[in-house]
Amino acid sequence: MLEDATGRTVTAHEPRETPWLGVVLGYGPMLPFAAGAAAAWWWRDSWDELILLVTIFYGAAILLFLSGVRRGVSFRTEGGPTVVQIATMLGLFGLGLGALLFVGVLGNRVIALDLLIAGFVAVAVLDPIAAKRGEAPLFFARLRPLQMPIAVLSLAALLVLKLTSPY
């Protein structure tokens with residue numbers, strides 16, 4: 001690391017392989033999505049509505065966290081944050097916040113689930129692109145396409161349950 005009066009030069013080596021902590025912290029937070037979907041289907045007509053709400057709130061929190069990850073990574077992007085990084089961060093934040101507003105204020109679980117599904121699909125598609133452009137860690141190119149479908153499929157299962165339930 002070199003530092004002078006105008007700033008600091010940081011040289012970093014970034015592995016292509018997903019670090020073990022990236023695996024744990026990447027897949028671990030996806031487990032509540034799968035557990036929420038399985039539990040909601042298992043306890044249909046008794047606990048499914050509560051489980052659905054908890055899973056939606058959890059999903060919104062994770063999506064908001066991922067928007068912060070995008071912003072945090074942009075601080076270390078060579079040449080400074082890009083317009084795409086800021087737009088992606090704002091888009092993910094908007095989808096997460098929108099899901100919270102639709103479920104918490106308006107009581108519309110279907111639209112909340114739609115917004116979350118769109119957000120996690122966006123992460124699965126955009127993070128590998130960002131990794132190849134140097135706007136996200138290289139291992140995101142391998143991690144995100146395998147990690148995000150867990151959330152997407154679980155949320156889709158909850159959406160099907162909600163659309164087919166009588167209430």
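Count residues from 1 along the sequence. All heavy atoms count here, side chains included; hydrogens, waters and symmetry mates do not.
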Separation of Leu53 CG from Asp48 CG (nearest 0.5 Å): 10.0 Å
Any side-chain heavy-atom pair of Asn108 and Val103 under 4.5 Å: no
Path from Val110 to Leu158 over hydrophobic side-chain contacts below 4.5 Å: yes
Verdict with reasoning, Ile117 to Leu159, per side chain to side chain contact (heavy atoms under 4.5 Å, CB included): CA-CA 9 Å; Ile117 291 168; Leu159 181 60; 4.1 Å; yes
Heavy-atom pair with the smallest gap, counting every atom of Ala157 and Ala37: CB-CB, 4.2 Å
Full working for side chain to side chain contact (heavy atoms under 4.5 Å, CB included) between Leu92 and Arg70: CA-CA 9 Å; Leu92 295 176; Arg70 288 304 293 259; 4.1 Å; yes
Atom pair CG (Leu25) and CG (Leu143), whose distance is rounded to the nearest 0.5 Å: 10.0 Å
Separation between CG of Leu31 and OG of Ser154, rounded to the nearest 0.5 Å: 9.5 Å
Side chain to side chain contact (heavy atoms under 4.5 Å, CB included) between Tyr27 and Gln147, worked out: CA-CA 6 Å; Tyr27 290 104; Gln147 175 194 25; 4.1 Å; yes
Polar side-chain atom of Tyr58 near backbone of Pro29 as donor-acceptor pair, under 3.5 Å: yes
Residue pair Leu63 / Phe93, side-chain heavy-atom distance below 4.5 Å: no
Close side-chain approach of Glu135 and Thr82, heavy atoms under 4.5 Å: yes
Hphob cluster co-occupancy, Leu138 + Phe75, side-chain heavy atoms under 4.5 angstrom: no
Taking every non-hydrogen atom, the tightest pair across Leu95 and Gly119: CD1-CA, 3.5 Å
Cluster link Leu64 to Ile111, ILVMFWY, side chain under 4.5 Å: yes
Residue pair Ser74 / Ile86: nearest heavy atoms and the distance that separates them: OG-CD1, 4.4 Å
Side chains of Val160 and Trp41 in contact at under 4.5 Å (non-hydrogen atoms): yes
Nearest-0.5 Å distance that lies between atom CG in Leu126 and atom CD in Gln85: 12.0 Å
Heavy-atom pair of closest approach, residues Pro149 and Arg144: CD-O, 3.8 Å
Verify same cluster id: Leu163, Trp42 (apolar side-chain graph, 4.5 Å): no
Pairwise distance OG1(Thr88) to CZ(Arg71) - rounded to 0.5 angstrom: 12.5 Å
Pairwise side-chain contact, Asp127 with Leu66, heavy-atom cut-off 4.5 Å (strictly under): no
Side chain to side chain contact (heavy atoms under 4.5 Å, CB included) between Phe120 and Val152, worked out: CA-CA 6 Å; Phe120 287 106; Val152 171; 3.7 Å; yes
Side chain to side chain, Arg133 and Val84, heavy atoms closer than 4.5 Å: yes
Close side-chain approach of Ile56 and Leu116, heavy atoms under 4.5 Å: yes
Taking every non-hydrogen atom, the tightest pair across Val125 and Pro128: O-CD, 3.4 Å
Distance (rounded to the nearest 0.5 Å) between Leu155 CG and Lys162 NZ: 15.0 Å
Residue pair Ser165 / Arg44, side-chain heavy-atom distance below 4.5 Å: no
Phe139 atom CZ, neighbour heavy-atom count above 12 within 6.0 Å: yes
Single-linkage hydrophobic cluster, 4.5 Å side-chain cutoff, Val73 and Met89 together: no
Cation over ring face, Arg142 and Phe140, 6.0 Å, 45°: no
